[in-house]
Number of protein chains: 2
Amino acid sequence: MGRDIKSMSNSVIQRLPRYLVYIQRLKRNDIQWISSSELAEALGLTPSTVRQDLSYIELAGISKKGYKIELMESALSKVLGINHEQKIIIIGAGNLGKALAMHRGFAAYNFTIEGIFDNNPELIGLKIGMLEVKPISQLKDFIKNNFISMGVIAVPQTSAQEVANQLIEAGVCGILNLTSANLNLPPKIAIVNTRISASLLEVACFMNVAKGECYNFNIACEQSNIVLSDS
Amino acid sequence: MGRDIKSMSNSVIQRLPRYLVYIQRLKRNDIQWISSSELAEALGLTPSTVRQDLSYIELAGISKKGYKIELMESALSKVLGINHEQKIIIIGAGNLGKALAMHRGFAAYNFTIEGIFDNNPELIGLKIGMLEVKPISQLKDFIKNNFISMGVIAVPQTSAQEVANQLIEAGVCGILNLTSANLNLPPKIAIVNTRISASLLEVACFMNVAKGECYNFNIACEQSNIVLSDS
DNA sequence: TAGATTGTTAATCGATTAACAATC
DNA sequence: TAGATTGTTAATCGATTAACAATC
């Protein structure tokens, strides 16, 4: 009857976004119900795992029918904390920062990108979509004045810690770190590290381990955990 | 005395790139030795985990001193499959694809980006750094003629499966999927899914779970697993 | 030598899976 | 009703941690 979300393991938290993304797609195709085994099949999981995971969200399934997609979507959104707007800023207006600032897909999850910052004078003032690159010196005030909840770090690795410190000081308590720096942060800050270079290294490693015979690994990186998906 | 790398778990494979990145940084600062506890401390792991992980690579530690960084680097590179060049192509010349094509950091891991593809006529022919965007119609031949080992999928989600099929048919056996599509692939293909949107959803979820009191989660996403790092 | 650190085996912990009564 | 599916408890599996002899 609903387990306490505070006891969700990291693996669970990594799977929830996958459920959401998948059922949103079904919804667009006017599909209304899904069973734990269908969802498991689609994502390479077991029905047990799916039902265990869903026991954390406020969602009643119905015997013989499964779960109503519309209800699952709103229950997942609530647990994922995106049933209300989340204001985000990007720090670093290099190639990656720019790409993220231009990305239209975040709106689907109620994420709005409110600003992009850099300390390179050549970039400051540059227009990126609807945004204009602001100097890092304005970072803290901006966060406070605009109720920013999350920061995305897309600066060079060597500046990552410093940026993180400023984000924390200004009151941000969620960080997506896209650099390979190992950030040192106070407790109670939600931080997710997503490193594309490291992902490439993992691909290379899997290929190397498999050599010639190759194994098929399916890594749900958002998480970024790894799930074996050969079959 | 060295365990079989074929028995490495996904968690191990996710940590190896972190070790490499970290010790390369130490090396640049002329540090020559590191112990399992120092490495563990730096990455938020236990010394036991580090020693267990290192038992998969060909590296002899020395009592009282630890591991020689230079040797660790080459042993890790070998297991990660980057002791030789890996040729990569990017499919999708949108914002993210462009950003990756411009990224200089991959060279440090022996990755060379050999081409970038798109099916948008407006993008074909466009110069991106040293590369020129090629049409998808040339994808398969290019892979075969240039001995491409890995493909990075940065197209819209709806085309991801089709692109993956073509990569596989052409002989690529390692894929980094940056879309939120759940790719259906034959066995023996190394695939890593790294989704920035999903990472943002995880950050939001952690913040939501923690509410007010916030917990500090450290997600090693490469691979992307999640490790609790509050302290 | 004494002390620190490795390498490896055993113990613990936690996540995943199986099983099954309850339900529609 | 019969059959399928949920919700949840128990069993299994595997990853992490602890412990300690061997080593420098």
Side-chain angles (χ1 to χ4, degrees), chain A residues 1-16 18-19 32-41 43-69 71-72 75 217-220 223-229 231, chain B residues 1-16 18-19 32-41 43-69 71-72 75 217-220 223-229 231:
Chain A
M1 183 151 298
R3 275 187 283 175
D4 184 5
I5 60 169
K6 299 212 181 200
S7 65
M8 282 196 293
S9 70
N10 294 353
S11 343
V12 175
I13 293 178
Q14 290 183 320
R15 284 189 296 265
L16 298 185
R18 301 184 64 201
Y19 298 150
Q32 299 193 345
W33 295 85
I34 190 168
S35 68
S36 57
S37 38
E38 287 169 324
L39 193 45
E41 168 75 18
L43 301 185
L45 307 168
T46 65
S48 274
T49 300
V50 171
R51 290 202 297 276
Q52 290 274 17
D53 289 349
L54 295 182
S55 73
Y56 287 103
I57 74 176
E58 287 169 31
L59 178 68
I62 293 180
S63 293
K64 258 188 114 172
K65 297 191 92 172
Y67 304 90
K68 190 152 202 198
I69 284 177
L71 296 178
M72 192 190 285
F217 292 88
N218 197 342
I219 306 189
Q223 67 265 132
S224 301
N225 74 324
I226 312 189
V227 181
L228 197 70
S229 86
S231 48
Chain B
M1 183 153 297
R3 276 189 283 175
D4 184 6
I5 58 169
K6 298 211 182 200
S7 65
M8 282 195 295
S9 70
N10 293 353
S11 343
V12 175
I13 293 180
Q14 291 184 320
R15 284 189 296 264
L16 298 185
R18 300 184 65 201
Y19 298 150
Q32 298 193 346
W33 294 86
I34 191 167
S35 67
S36 56
S37 38
E38 287 168 326
L39 193 44
E41 167 75 17
L43 301 185
L45 307 168
T46 64
S48 275
T49 300
V50 171
R51 290 202 297 276
Q52 290 275 17
D53 289 349
L54 295 181
S55 72
Y56 288 103
I57 73 177
E58 288 169 31
L59 178 68
I62 293 180
S63 292
K64 257 189 113 170
K65 297 191 92 171
Y67 305 90
K68 191 153 201 196
I69 284 176
L71 296 178
M72 192 190 286
F217 292 88
N218 197 342
I219 305 189
Q223 20 147 255
S224 306
N225 74 324
I226 312 187
V227 181
L228 197 71
S229 86
S231 50

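- Of the listed residues (B:S37, B:S36, B:S35), just one forms a side-chain hydrogen bond (donor to acceptor under 3.5 Å, both in side chains) with B:R51, and that residue is B:S36.
- Here CG of B:L45 is found 5.5 Å from CZ of B:R18. Values are rounded to the nearest 0.5 Å.
- Rounding to the nearest 0.5 Å places CH2 of A:W33 at 4.5 Å from NZ of A:K65.
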Worked verdict on A:L54 versus A:M72 for side chain to side chain contact (heavy atoms under 4.5 Å, CB included)
CA-CA 9 Å; A:L54 295 182; A:M72 192 190 285; 3.9 Å; yes
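- When rounded to the nearest whole Å, the span between CZ of B:R3 and P of C:dT6 equals 16 Å.
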One pair to check against side chain to side chain contact (heavy atoms under 4.5 Å, CB included): B:L39 and B:Y67. What are the steps and the verdict?
CA-CA 10 Å; B:L39 193 44; B:Y67 305 90; over 6 Å; no
Take B:L71 and B:E58 through the side chain to side chain contact (heavy atoms under 4.5 Å, CB included) test and state the conclusion after the steps.
CA-CA 9 Å; B:L71 296 178; B:E58 288 169 31; over 6 Å; no
Any chance you could list the contact pattern along nucleotides 17-24 of chain C? Use B for base contacts, S for sugar-phosphate-only contacts and - for none, protein heavy atoms under 4.0 Å, 5' to 3'.
BBB---BB
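- Computed from coordinates, the B:Q14 CD to D:dA15 P distance equals 11 Å when rounded to whole Å.
- Contact annotation: B:S9 side-chain N/O to D:dG14 OP1/OP2 distance is not under 4.0 Å.
- Spacing between atom CG of B:L59 and atom P of C:dT5 amounts to 16 Å, rounded to whole angstrom units.
- Remark: C1' of C:dG14 and CD1 of A:I13 are 15 Å apart, rounded to the nearest angstrom.
- A:T49 is listed as a side-chain neighbour of A:R15, based on a closest heavy-atom distance under 4.5 Å.
- Partners of B:E41 by salt bridge (Lys or Arg N to Asp or Glu O under 4.0 Å), not counting sequence neighbours: none found.
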Verify side chain to side chain contact (heavy atoms under 4.5 Å, CB included) between B:D4 and B:Y56, making sure each step is shown before the conclusion.
CA-CA 6 Å; B:D4 184 6; B:Y56 288 103; over 6 Å; no
Determine which bases of DNA chain C form Watson-Crick or G-U wobble pairs with both distances under 3.5 Å, and write the result as a 5' to 3' dot-bracket string with | for other-strand partners.
..||||||||||||||||||||||
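- Regarding A:K68, its NZ atom lies at a distance of 17 Å from the C1' atom of D:dT6, rounded to whole Å.
- Spacing between atom OH of A:Y67 and atom P of D:dA4 amounts to 17 Å, rounded to whole angstrom units.
- Residue B:S37 is classed as having no contact, given no heavy-atom separation below 4.0 Å to the nucleic acid.
- Rounded to whole Å, atom P of C:dT6 lies 14 Å from atom CG of B:L71.
- The separation between B:E41 atom CD and C:dT5 atom C1' is 16 Å, rounded to whole Å.
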